[in-house]
Undergrad: 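Before we start, here is the structure in question, set down as structure tokens.
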Amino acid sequence: MRDVLVYSVIRLALFGALWWVLANVGVGFYLAGFIAALIAMLVSILFLGRPRERAAERWQQADERRRERRKTKRDEDADEEDALVGEESAESGPAETASDRQADQQQD
């Protein structure tokens, strides 16, 4: 969590500083925000590789832990119901289709 927080704070501080500088230079409030966002994105891609990689690894580990927790949950009632439905379909043989029923009715 710390790596994600550090990366986010660095990017926000970079964006804020660039926006402040550009707004004080006289670029304009909205244009300064757009240019600051663009420059901050490019600088973070070029120079913040290590913190970005650490943050990405943390996100991936958290995602894997979440998937593991979800995998262990089993619905016993659903498993039992699936087993019963499987037994019934095995006993009744192959399912009859609508076209098979129509053909039987036409022959009678």
Side-chain angles (χ1 to χ4, degrees):
M1 181 69 176
R2 182 177 180 264
D3 297 323
V4 175
L5 185 64
V6 167
Y7 179 67
S8 298
V9 167
I10 290 172
R11 285 195 66 183
L12 285 173
L14 180 63
F15 170 74
L18 286 169
W19 193 351
W20 183 78
V21 167
L22 289 170
N24 285 331
V25 169
V27 174
F29 186 73
Y30 292 112
L31 184 59
F34 178 75
I35 293 172
L38 186 63
I39 293 172
M41 178 189 67
L42 294 174
V43 168
S44 69
I45 289 172
L46 292 174
F47 299 110
L48 298 178
R50 188 175 304 148
R52 183 179 61 244
E53 289 297 321
R54 282 191 251 144
E57 287 174 7
R58 286 286 206 186
W59 284 324
Q60 184 177 12
Q61 290 170 358
D63 185 48
E64 289 171 358
R65 284 192 306 267
R66 182 188 53 83
R67 287 183 185 187
E68 286 298 318
R69 280 194 310 257
R70 282 189 169 182
K71 227 191 279 188
T72 57
K73 289 185 178 180
R74 296 287 299 170
D75 189 1
E76 295 172 8
D77 291 335
D79 291 341
E80 187 174 331
E81 184 178 322
D82 291 343
L84 290 174
V85 170
E87 289 173 8
E88 288 176 5
S89 64
E91 291 173 1
S92 65
E96 194 174 285
T97 63
S99 60
D100 292 338
R101 280 185 245 129
Q102 283 181 341
D104 290 342
Q105 289 174 355
Q106 289 175 356
Q107 289 178 354
D108 291 335

Undergrad: State, to 0.1 Å, how close Met41 and Arg11 come at their nearest heavy-atom pair, and which atoms those are.
TA: CA-NH2, 4.1 Å
Undergrad: Is the closest side-chain heavy-atom distance between Ile35 and Val27 below 4.5 Å?
TA: yes
Undergrad: What distance do Leu12 atom CG and Trp19 atom CH2 have between them, rounded to the nearest 0.5 Å?
TA: 11.5 Å
Undergrad: Do Phe47 and Leu18 belong to the same hydrophobic cluster, where Ile, Leu, Val, Met, Phe, Trp and Tyr are linked whenever their side-chain heavy atoms lie under 4.5 Å apart, directly or via other members?
TA: yes
Undergrad: Take Leu48 and Ile10 through the test side chain to side chain contact (heavy atoms under 4.5 Å, CB included) and record every step on the way to the result.
TA: CA-CA 9 Å; Leu48 298 178; Ile10 290 172; 3.5 Å; yes
Undergrad: Can you tell me how far apart CD1 (Ile39) and CG (Leu22) are? Round to the nearest 0.5 Å.
TA: 5.5 Å
Undergrad: Would a 4.5 Å heavy-atom cut-off, applied to side chains only, mark Arg66 and Asp63 as touching?
TA: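 They are in contact (side-chain heavy atoms under 4.5 Å apart), so the answer is yes.
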Undergrad: Of all the heavy-atom pairs spanning Ala32 and Ala23, show the shortest one and how long it is.
TA: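 Ala32 and Ala23 have their closest heavy atoms at CB-N, 3.7 Å.
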Undergrad: Just to verify, what does Gln60 make a side chain to side chain contact (heavy atoms under 4.5 Å, CB included) with, not counting sequence neighbours?
TA: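 Testing Gln60 for side chain to side chain contact (heavy atoms under 4.5 Å, CB included), a comparison that skips the adjacent residues, returns Glu64.
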Undergrad: Would you say Val9 and Trp59 are hydrophobically clustered, going by side-chain heavy atoms of ILVMFWY under 4.5 Å?
TA: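 In one cluster: no.
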Undergrad: Would you kindly confirm whether Leu38 and Ile45 end up in one hydrophobic cluster when ILVMFWY residues are joined by side chain heavy atoms under 4.5 Å apart?
TA: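 Yes, same cluster.
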Undergrad: Residues in salt bridge (charged side-chain N to carboxylate O under 4.0 Å, His left out) with Arg52, at least two apart?
TA: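 Not a single residue meets the salt bridge (charged side-chain N to carboxylate O under 4.0 Å, His left out) criterion with Arg52.
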Undergrad: Looking at side-chain heavy atoms only, is the closest gap between Phe15 and Ser44 below 4.5 Å?
TA: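 No - every pair of side-chain heavy atoms lies 4.5 Å or more apart.
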